[in-house]
Amino acid sequence: MAIGKGMPLDSAALMSTVLEGILYGFSVLMFIGAIWALTHERHMRSVNRPITAVAVLLFVLSTAHMVVDIIRTEEGLVQYRNIFQSGPGSEAFFTEISPETIVIHNAIYVLQTLLGDGVVIYRCYIVWRSIWVIILPSMMWCSVAVTGVCSIYKFWHASIISGNVFGLLVVRNWISALL
(Lines give C-alpha, C1' and ligand atoms only; values in the text may rest on other atoms or scores of the structure.)
Protein backbone atom coordinates (compact mmCIF):
# COMPACT_ATOMS: atom_id res chain seq x y z
CA MET A 1 0.00 0.00 0.00
CA ALA A 2 1.43 3.34 -0.98
CA ILE A 3 1.67 6.28 1.34
CA GLY A 4 -0.58 8.85 -0.21
CA LYS A 5 -0.85 8.60 -3.96
CA GLY A 6 1.77 7.41 -6.35
CA MET A 7 4.26 4.60 -6.53
CA PRO A 8 4.69 2.21 -3.59
CA LEU A 9 7.94 2.75 -1.68
CA ASP A 10 9.31 -0.73 -2.32
CA SER A 11 8.81 -0.30 -6.06
CA ALA A 12 10.34 3.17 -5.91
CA ALA A 13 13.39 1.82 -4.05
CA LEU A 14 13.93 -0.92 -6.61
CA MET A 15 13.43 1.43 -9.55
CA SER A 16 15.74 4.09 -8.11
CA THR A 17 18.46 1.51 -7.47
CA VAL A 18 18.23 0.23 -11.05
CA LEU A 19 18.36 3.77 -12.47
CA GLU A 20 21.25 4.64 -10.17
CA GLY A 21 23.05 1.52 -11.41
CA ILE A 22 22.68 2.70 -15.00
CA LEU A 23 24.00 6.15 -14.10
CA TYR A 24 26.82 4.54 -12.12
CA GLY A 25 27.84 2.73 -15.32
CA PHE A 26 28.15 6.10 -17.04
CA SER A 27 30.12 7.33 -14.02
CA VAL A 28 32.59 4.47 -14.42
CA LEU A 29 33.08 5.34 -18.09
CA MET A 30 33.54 9.03 -17.26
CA PHE A 31 36.03 8.15 -14.50
CA ILE A 32 38.08 6.01 -16.89
CA GLY A 33 38.03 8.83 -19.45
CA ALA A 34 39.04 11.44 -16.86
CA ILE A 35 41.92 9.36 -15.53
CA TRP A 36 43.06 8.64 -19.08
CA ALA A 37 42.92 12.36 -19.97
CA LEU A 38 44.81 13.30 -16.81
CA THR A 39 47.56 10.69 -17.16
CA HIS A 40 47.92 9.72 -20.85
CA GLU A 41 51.42 10.31 -22.20
CA ARG A 42 52.47 12.31 -19.15
CA HIS A 43 55.25 11.82 -16.68
CA MET A 44 54.26 11.25 -13.07
CA ARG A 45 55.56 14.73 -12.19
CA SER A 46 53.33 16.50 -14.69
CA VAL A 47 50.07 14.82 -13.60
CA ASN A 48 47.71 17.17 -11.77
CA ARG A 49 47.62 15.23 -8.51
CA PRO A 50 44.94 17.22 -6.64
CA ILE A 51 42.44 16.88 -9.49
CA THR A 52 43.33 13.20 -9.92
CA ALA A 53 42.83 12.66 -6.18
CA VAL A 54 39.43 14.40 -6.34
CA ALA A 55 38.41 12.27 -9.32
CA VAL A 56 39.38 9.08 -7.49
CA LEU A 57 37.65 10.20 -4.30
CA LEU A 58 34.44 11.08 -6.18
CA PHE A 59 34.54 7.67 -7.86
CA VAL A 60 35.06 5.91 -4.52
CA LEU A 61 32.17 7.86 -2.99
CA SER A 62 29.86 7.08 -5.91
CA THR A 63 30.81 3.40 -5.62
CA ALA A 64 30.10 3.45 -1.89
CA HIS A 65 26.78 5.20 -2.58
CA MET A 66 25.82 2.48 -5.02
CA VAL A 67 26.82 -0.28 -2.59
CA VAL A 68 24.79 1.27 0.23
CA ASP A 69 21.77 1.58 -2.09
CA ILE A 70 22.03 -2.09 -3.08
CA ILE A 71 22.37 -3.13 0.56
CA ARG A 72 19.34 -1.04 1.61
CA THR A 73 17.24 -2.37 -1.26
CA GLU A 74 18.23 -5.95 -0.47
CA GLU A 75 17.44 -5.45 3.22
CA GLY A 76 14.03 -3.99 2.45
CA LEU A 77 12.98 -6.42 -0.26
CA VAL A 78 14.57 -9.65 1.03
CA GLN A 79 15.79 -9.61 4.63
CA TYR A 80 13.07 -7.60 6.35
CA ARG A 81 10.18 -8.03 3.94
CA ASN A 82 7.94 -9.68 6.54
CA ILE A 83 9.49 -8.70 9.85
CA PHE A 84 9.64 -5.02 10.64
CA GLN A 85 8.42 -3.00 13.60
CA SER A 86 5.94 -0.80 11.79
CA GLY A 87 4.12 -3.64 10.04
CA PRO A 88 4.48 -6.47 7.58
CA GLY A 89 5.73 -6.00 4.07
CA SER A 90 8.81 -4.49 2.53
CA GLU A 91 7.18 -1.08 2.22
CA ALA A 92 7.21 -0.74 6.02
CA PHE A 93 11.01 -0.98 5.92
CA PHE A 94 11.30 1.89 3.46
CA THR A 95 9.15 4.20 5.64
CA GLU A 96 11.72 4.05 8.44
CA ILE A 97 14.37 6.77 8.46
CA SER A 98 16.63 5.61 11.27
CA PRO A 99 18.49 2.56 9.90
CA GLU A 100 22.23 3.06 9.57
CA THR A 101 22.13 2.62 5.79
CA ILE A 102 20.04 5.79 5.38
CA VAL A 103 22.44 7.78 7.55
CA ILE A 104 25.48 6.46 5.65
CA HIS A 105 23.70 7.10 2.34
CA ASN A 106 23.04 10.73 3.28
CA ALA A 107 26.57 11.21 4.63
CA ILE A 108 28.02 10.02 1.32
CA TYR A 109 25.65 12.37 -0.54
CA VAL A 110 26.79 15.34 1.55
CA LEU A 111 30.47 14.45 1.04
CA GLN A 112 29.98 14.14 -2.73
CA THR A 113 28.19 17.48 -2.84
CA LEU A 114 30.86 19.25 -0.78
CA LEU A 115 33.69 17.77 -2.82
CA GLY A 116 32.10 18.59 -6.17
CA ASP A 117 31.15 22.13 -5.12
CA GLY A 118 34.63 22.65 -3.69
CA VAL A 119 36.16 21.76 -7.05
CA VAL A 120 33.87 24.21 -8.84
CA ILE A 121 34.82 26.98 -6.40
CA TYR A 122 38.51 26.16 -6.85
CA ARG A 123 38.17 26.23 -10.64
CA CYS A 124 36.36 29.59 -10.46
CA TYR A 125 39.26 30.97 -8.46
CA ILE A 126 41.79 29.58 -10.97
CA VAL A 127 39.91 31.06 -13.93
CA TRP A 128 39.13 34.48 -12.45
CA ARG A 129 42.23 34.85 -10.23
CA SER A 130 40.20 36.88 -7.76
CA ILE A 131 39.15 36.09 -4.22
CA TRP A 132 36.06 38.29 -4.66
CA VAL A 133 34.57 35.88 -7.18
CA ILE A 134 34.53 33.00 -4.71
CA ILE A 135 33.36 34.75 -1.53
CA LEU A 136 29.63 34.12 -2.07
CA PRO A 137 30.09 30.54 -3.36
CA SER A 138 32.39 29.80 -0.40
CA MET A 139 29.80 31.10 2.06
CA MET A 140 27.17 28.97 0.36
CA TRP A 141 29.53 25.97 0.48
CA CYS A 142 29.87 26.48 4.24
CA SER A 143 26.08 26.61 4.60
CA VAL A 144 25.77 23.33 2.68
CA ALA A 145 28.36 21.80 5.01
CA VAL A 146 26.49 22.96 8.12
CA THR A 147 23.04 21.91 6.91
CA GLY A 148 24.42 18.60 5.63
CA VAL A 149 26.03 17.76 8.95
CA CYS A 150 22.92 18.84 10.88
CA SER A 151 20.61 16.78 8.65
CA ILE A 152 22.81 13.71 9.11
CA TYR A 153 22.82 14.30 12.87
CA LYS A 154 19.02 14.62 12.93
CA PHE A 155 18.63 11.45 10.86
CA TRP A 156 20.97 9.60 13.21
CA HIS A 157 19.04 10.70 16.30
CA ALA A 158 15.54 10.50 14.86
CA SER A 159 13.25 8.11 16.60
CA ILE A 160 11.90 5.27 14.50
CA ILE A 161 8.80 6.62 12.81
CA SER A 162 6.54 5.23 10.17
CA GLY A 163 5.19 7.23 7.35
CA ASN A 164 6.52 10.18 5.44
CA VAL A 165 10.12 11.16 6.19
CA PHE A 166 9.03 14.81 5.99
CA GLY A 167 6.44 14.16 8.71
CA LEU A 168 9.07 14.59 11.42
CA LEU A 169 9.39 18.38 11.64
CA VAL A 170 12.99 18.49 12.89
CA VAL A 171 14.25 16.29 10.05
CA ARG A 172 12.06 18.00 7.45
CA ASN A 173 13.54 21.43 8.20
CA TRP A 174 17.13 20.25 7.81
CA ILE A 175 16.39 18.28 4.64
CA SER A 176 14.67 21.31 3.11
CA ALA A 177 17.61 23.54 4.08
CA LEU A 178 20.09 21.14 2.48
CA LEU A 179 18.15 20.83 -0.76
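FYI, the numbering just counts along the sequence from 1. Worth knowing before you read on, the calculation uses all heavy atoms, side chains too, and leaves out hydrogens, waters and symmetry mates.
- The two residues Ile35 and Ala55 come nearest to each other via the heavy atoms CD1-CB, 4.4 Å.
- Tracing side-chain contacts under 4.5 Å through hydrophobic residues (I, L, V, M, F, W, Y), one never reaches Phe59 starting from Met30; they form parts of separate clusters.
- In this structure, Ile134 and Cys124 approach most closely via the heavy-atom pair CG2-CB, 4.1 Å.
- Other residues sharing the hydrophobic cluster of Leu111, ordered by chain and number and joined by side-chain separations under 4.5 Å: Val54, Leu57, Leu58, Leu61, Val68, Ile104, Ile108, Leu115, Val119.
- Under the 4.5 angstrom side-chain criterion for Ile, Leu, Val, Met, Phe, Trp and Tyr, the cluster partners of Ile71 are Val67.
- Annotation: the span from Gln112 atom CD to Asp117 atom CG amounts to 11.5 Å, rounded to 0.5 Å.
- Taking all atoms of both residues into account, the shortest heavy-atom contact from Tyr109 to His65 is N-CD2, 4.3 Å.
- The CG atom of Asn106 sits 10.0 Å away from atom OG1 of Thr113, with the distance rounded to the nearest 0.5 Å.
- Met139 and Ile131 fall within a single hydrophobic cluster, where Ile, Leu, Val, Met, Phe, Trp and Tyr side chains are chained together by heavy-atom contacts under 4.5 Å.
- With sequence neighbours excluded, no residue forms a side-chain contact (heavy atoms from CB on, under 4.5 Å) with Leu29.
- Of the possible donor and acceptor atoms, none in the side chain of Ser27 sits under 3.5 Å from a partner among the backbone N and O of Leu23.
- With sequence neighbours excluded, the residues forming a side-chain contact (heavy atoms from CB on, under 4.5 Å) with Thr73 are Leu14, Thr17, Leu77, listed by chain and number.
- No path of Ile, Leu, Val, Met, Phe, Trp and Tyr side chains, each step under 4.5 Å between heavy atoms, connects Ile22 with Ile32, placing them in separate hydrophobic clusters.
- Expressed to the nearest 0.5 Å, how far CE of Met66 lies from NE2 of His105 amounts to 9.0 Å.
- No chain of hydrophobic side-chain contacts below 4.5 Å, direct or via other Ile, Leu, Val, Met, Phe, Trp or Tyr residues, connects Leu38 to Val28.
- Sequence neighbours left out, not one pair with a member in residues 119-130 passes side chain to side chain donor-acceptor pair (under 3.5 Å).
- Among pairs with a residue in residues 38-61, those fulfilling side chain to side chain donor-acceptor pair (under 3.5 Å) read Trp36-His40, at least two apart in sequence or across chains.
- Both Val127 and Val133 are part of a single hydrophobic cluster, where members link through side-chain heavy atoms under 4.5 Å apart.
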**Request:** Could you check Val103 against Ile152 for side chain to side chain contact (heavy atoms under 4.5 Å, CB included), going step by step and ending with a plain yes or no?
**Result:** CA-CA 6 Å; Val103 174; Ile152 293 166; 3.9 Å; yes
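- The minimum heavy-atom distance between Gly118 and Trp141, with the atom names listed, is N-NE1, 3.7 Å.
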